[in-house]
Amino acid sequence: MSPTTPDLLTRQLQALLDTDDWLTNAAQMVAFIKAEMPGLNWVGFYLQRRPDVLVLGPFQGLPACNPIPFSKGVCGAAASTRTTQRIDDVHAFPGHIVCDAASRSELVVPVVHDDRVWGVLDIDSPEPARFDAADQARIEAMVAVFVAASAGTLSGAVSMVRS
Ligand code: SME
């Protein structure tokens with residue numbers, strides 16, 4: 001398989017996301033990742049529904065922290081820098097927000113659409129250093145599939161709360 005060919009999980013996700021409704025796709029995606037990737041205790045989306053704040057979206061796992069400002073935590077770092085955060089030991093990350101005390105490592109991928117941070121996908125594991133570079137590439141590819149499938153419903157007017 002060439003490095004540009006999506007792997008099996010990514011192709012399965014592509015088939016699963018058969019609506020353009022971001023809410024349905026997000027719910028399906030977190031359930032799919034939690035079921036198919038071993039060693040995870042929490043998988044979920046946080047959405048930027050007001051400026052520089054992440055609000056809890058569809059997830060699988062224990063009830064979680066909400067809201068998260070862009071200035072806080074691993075999720076805030078991913079959103080504010082627009083770069084994936086792959087953290088081997090969350091206890092060593094300054095400002096890490098503890099939601100589920102079992103979490104030891106974390107992967108957070110920003111979800112960017114139309115040059116706007118729509119949100120982040122956050123994945124937690126109770127195993128230290130659970131995520132390697134291949135996991136990161138695979139999850140980033142899955143997020144790209146999510147954005148492509150849901151693009152028609154990701155615009156600000158649909159997902160932002162009026163202030
Ligand atoms: N640990 C995250 C908070 C979200 S939970 O893990 C579900 C953080 O530091 O941003």
Side-chain angles (χ1 to χ4, degrees), residues 9-10 13 16-17 21-113 115-147 149-150 153-154 156 159-161 163:
L9 277 189
T10 306
L13 179 72
L16 184 63
L17 304 189
D21 185 330
W22 71 263
L23 179 57
T24 306
N25 287 341
Q28 294 278 46
M29 183 166 169
V30 295
F32 178 74
I33 292 173
K34 183 87 166 12
E36 297 300 328
M37 288 185 75
L40 307 181
N41 60 323
W42 202 90
V43 182
F45 284 93
Y46 281 93
L47 282 54
Q48 183 183 194
R49 304 188 79 210
R50 44 185 204 269
D52 299 336
V53 177
L54 294 167
V55 175
L56 186 60
F59 70 94
Q60 297 264 317
L62 291 180
C65 315
N66 179 72
I68 298 178
F70 273 31
S71 56
K72 295 263 170 66
V74 184
C75 291
S80 61
T81 64
R82 299 185 177 205
T83 51
T84 297
Q85 305 291 305
R86 178 157 53 92
I87 309 299
D88 286 345
D89 176 7
V90 294
H91 299 311
F93 186 93
H96 168 249
I97 302 166
V98 180
C99 296
D100 180 344
S103 297
R104 291 296 310 278
S105 57
E106 185 159 354
L107 182 69
V108 185
V109 177
V111 182
V112 178
H113 173 65
D115 199 33
R116 172 180 172 268
V117 177
W118 179 84
V120 300
L121 176 65
D122 180 18
I123 305 181
D124 289 17
S125 172
E127 298 167 23
R130 161 65 182 80
F131 307 102
D132 62 16
D135 292 317
Q136 176 176 340
R138 165 191 275 170
I139 296 297
E140 287 174 344
M142 288 183 172
V143 165
V145 165
F146 170 78
V147 170
S150 316
T153 62
L154 293 178
S159 63
M160 288 288 269
V161 170
S163 53

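Indexing begins at 1, ligand by ligand and atom by atom, following the structure's order. Here, residue 1 is the first one in the sequence, and each next residue gets the next number.
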Participant: Identify whether the distance between the nearest side-chain nitrogen and carboxylate oxygen of Asp115 and Arg82 falls below 4.0 Å.
Facilitator: yes
Participant: What I want to know is whether Cys75 and ligand 1 share at least one N or O pair that is separated by under 3.5 angstrom.
Facilitator: yes
Participant: Do His96 and ligand 1 have an N or O pair less than 3.5 Å apart?
Facilitator: yes
Participant: Ile68 to ligand 1: N or O pair under 3.5 Å?
Facilitator: no
Participant: Is Gly73 close to ligand 1, meaning an N/O of one under 3.5 Å from an N/O of the other?
Facilitator: no
Participant: Run the numbers for me: atoms of ligand 1, each under 4.0 Å from some heavy atom of Tyr46, listed by number.
Facilitator: 4 (C), 7 (C)
Participant: Check ligand 1 against Trp42 and write out every atom of the ligand that is under 4.0 Å from a heavy-atom position of the residue.
Facilitator: 7 (C)
Participant: Mark yes or no for whether Gln60, through its side chain, and Lys34, through its backbone, hold a donor-acceptor pair below 3.5 Å.
Facilitator: no
Participant: Less than 4.0 Å between a side-chain N and a carboxylate O, is that true for Asp135 and Arg130?
Facilitator: yes
Participant: Check for me whether Phe93 has a heavy atom closer than 4.0 Å to any atom of ligand 1.
Facilitator: no
Participant: Got an N/O contact under 3.5 Å between Glu106 and ligand 1?
Facilitator: yes
Participant: With a 4.5 Å cut-off on side-chain heavy atoms, are Arg104 and Asp89 touching?
Facilitator: yes
Participant: Please confirm whether Asp124 comes within less than 3.5 Å of ligand 1 when only nitrogen or oxygen atoms on both sides are compared.
Facilitator: yes
